[in-house]
Amino acid sequence: MTVPRSHVERLEDGTEVKLGVWLMNQKSRMEKLTTDRLTALAALGLDWASARVFGDLRYLTAP
């Protein structure tokens with residue numbers, strides 16, 4: 001899954017969540033994320049999280 005850094009989700013209550021920024025922050029801090037957090041992100045379809053959990057290095061070097 002690819003989410004642009006500028007992507008914003010608008011929730012039903014009007015709250016805006018900067019999803020793209022949040023995801024980029026998670027990726028840049030992946031060394032510090034717990035296995036549970038990485039597994040949850042991998043389950044959402046984030047290839048870089050799957051790579052971290054399952055050891056597939058080709059995703060760790062992709063932009």
Side-chain angles (χ1 to χ4, degrees):
M1 171 184 359
T2 303
V3 177
R5 184 172 177 80
S6 61
H7 182 77
V8 176
E9 283 288 320
R10 286 169 187 79
L11 305 179
E12 291 180 10
D13 67 359
T15 304
E16 292 187 348
V17 177
K18 295 179 180 179
L19 182 61
V21 171
W22 183 83
L23 284 171
M24 289 293 122
N25 286 340
Q26 297 304 298
K27 185 175 181 180
S28 69
R29 298 176 182 135
M30 83 170 102
E31 296 292 328
K32 297 178 182 178
L33 298 178
T34 65
T35 302
D36 289 342
R37 173 64 58 100
L38 285 166
T39 302
L41 292 170
L44 293 173
L46 298 169
D47 293 334
W48 56 265
S50 295
R52 189 78 184 145
V53 172
F54 303 112
D56 190 348
L57 298 178
R58 64 189 157 150
Y59 292 111
L60 292 177
T61 58

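Keep in mind it's a predicted model, so treat the numbers as computed, not measured.
Linking ILVMFWY side-chain heavy atoms closer than 4.5 Å, directly or via other members, places W22 and M30 in a single hydrophobic cluster.
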Listing, residues 31-39 side-chain donor-acceptor contacts under 3.5 Å, not counting sequence neighbours, or none:
unit_1: E31; atom_1: OE1; unit_2: R52; atom_2: NH2; d: 2.9
unit_1: T34; atom_1: OG1; unit_2: R37; atom_2: N; d: 3.1
unit_1: R37; atom_1: NH1; unit_2: Q26; atom_2: OE1; d: 3.4
unit_1: T39; atom_1: OG1; unit_2: T35; atom_2: O; d: 2.7

Could you give the side-chain donor-acceptor pairs of residues 8-15 under 3.5 Å, partners two or more places apart or in another chain?
unit_1: E9; atom_1: OE2; unit_2: H7; atom_2: NE2; d: 2.6
unit_1: R10; atom_1: NE; unit_2: E16; atom_2: OE2; d: 3.0
unit_1: D13; atom_1: OD1; unit_2: T15; atom_2: N; d: 2.9
unit_1: D13; atom_1: OD1; unit_2: T15; atom_2: OG1; d: 2.7
unit_1: D13; atom_1: OD2; unit_2: T15; atom_2: OG1; d: 3.2

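Here the shortest heavy-atom pairing between A49 and A42 reads CB-N, 3.6 Å.
In this structure, the side chain to side chain contact (heavy atoms under 4.5 Å, CB included) partners of L23, at least two apart in sequence or on a different chain, are V3, L19, L46.
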